[in-house]
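One structure below.
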Amino acid sequence: MTARARDVAIGLLTGGLFGVGLVVSGMTKPAKVLGFLDVAGAWDASLALVMVGAIGVHAAAYQWLRRRGAPLFAPRFDLPSRTGLDAPLLAGAAIFGVGWGLGGFCPGPALTSAAAHAPGAVAFVAAMSAGIVLRHHLAPRTRSGDEAPAE
């Protein structure tokens, strides 16, 4: 097996596992997500347990990851180095929140639901993809190809 084929297989396996987790947790059901976001109405707190569980698993896995010298199948970790808040990050977070509140999807559940041809998910993924392409073409670039930091 080539390294490229191995990487694709690992990506499909981990992406599939993530998708199964999203389906099992109910994150692919927009009504459930919107019920979670309706804190002033009929609030459904069950997704809070999913989020707390996910944060706990991530925190433990991240600590284990930091103690390793390198990943299992790559020469080095590719972790984000930026730690500060800036206007593009805050604007992106606001757009994400509005989109999540309006559609009941965030990117992972939307992709999982679109793969299952769920109503509305394909349109959401198309709009999300258009936004990503638009942002990619509008963002200033540095020589390394990374987005330029906000001033």
Side-chain angles (χ1 to χ4, degrees), residues 1-30 32-34 36-37 39 44-101 103-118 121-122 124-151:
M1 177 182 280
T2 66
R4 176 77 178 140
R6 181 199 64 218
D7 291 348
V8 169
I10 290 171
L12 289 172
L13 178 66
T14 56
L17 181 62
F18 182 60
V20 168
L22 292 172
V23 170
V24 169
S25 67
M27 294 287 291
T28 57
K29 298 176 184 171
K32 188 161 187 73
V33 172
L34 294 174
F36 171 72
L37 296 174
V39 292
D44 179 359
S46 61
L47 287 184
L49 296 174
V50 171
M51 292 178 186
V52 168
I55 290 169
V57 169
H58 174 77
Y62 191 74
Q63 291 305 314
W64 173 77
L65 181 144
R66 289 186 60 91
R67 287 194 298 268
R68 295 187 51 85
L72 294 175
F73 300 109
R76 63 177 175 77
F77 290 112
D78 189 17
L79 300 173
S81 59
R82 293 182 59 183
T83 58
L85 298 176
D86 58 14
L89 176 64
L90 295 174
I95 292 169
F96 174 89
V98 169
W100 198 34
F105 286 116
C106 62
L111 290 171
T112 302
S113 297
H117 305 286
V122 174
F124 183 93
V125 170
M128 179 178 71
S129 299
I132 291 169
V133 169
L134 184 65
R135 171 72 172 98
H136 180 76
H137 287 291
L138 293 178
R141 301 262 167 209
T142 62
R143 271 198 254 163
S144 67
D146 295 330
E147 295 174 11
E151 296 179 23

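Quick caveat, the model's predicted, so the values are computed rather than measured.
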Pairwise distance NZ(K29) to CG(L47) - rounded to 0.5 angstrom: 10.0 Å
Side chain S25, main chain L22, donor-acceptor under 3.5 Å: yes
What one should report as the nearest heavy-atom pair of A48 and F36 is N-CE1, 3.6 Å
Measuring from L12:CG to D7:CG, what's the distance to the nearest 0.5 Å? 11.0 Å
Can you name the closest pair of heavy atoms from G103 and P30 and give their distance? O-CB, 3.6 Å
Heavy-atom closest contact (G101 atom, L34 atom, distance): O-CD2, 2.9 Å
Atom CG in L111, atom SG in C106: separation rounded to 0.5 Å? 9.5 Å
side-chain hydrogen bond (donor to acceptor under 3.5 Å, both in side chains) involving S46 - partner list, sequence neighbours excluded: K32, D44
In terms of heavy-atom contacts, T28 and V23 come closest through OG1-CA, 3.8 Å
Kindly compute the distance separating CG (L89) from CZ (R82), expressed to the nearest 0.5 Å. 7.5 Å
Whether over 12 other heavy atoms sit under 6.0 Å from R76 CZ: no
Give the minimum heavy-atom separation between F105 and F124, together with the two atoms involved. O-CZ, 3.3 Å
Could you grab the distance from atom CZ of R68 to atom CD of Q63, nearest 0.5 Å is fine? 14.5 Å
Mind checking the NE2-CE spacing from H58 to M51? Nearest 0.5 Å is all I need. 15.0 Å
Step by step, would you call L72 with I10 a side-chain contact (heavy atoms from CB on, under 4.5 Å)? CA-CA 11 Å; L72 294 175; I10 290 171; over 6 Å; no
So, does R6 use its side chain to make a donor-acceptor pair with the main chain of F73 at under 3.5 Å? yes
Closest approach of A114 to A121 (non-hydrogen atoms, all atoms of both residues): N-CB, 3.5 Å
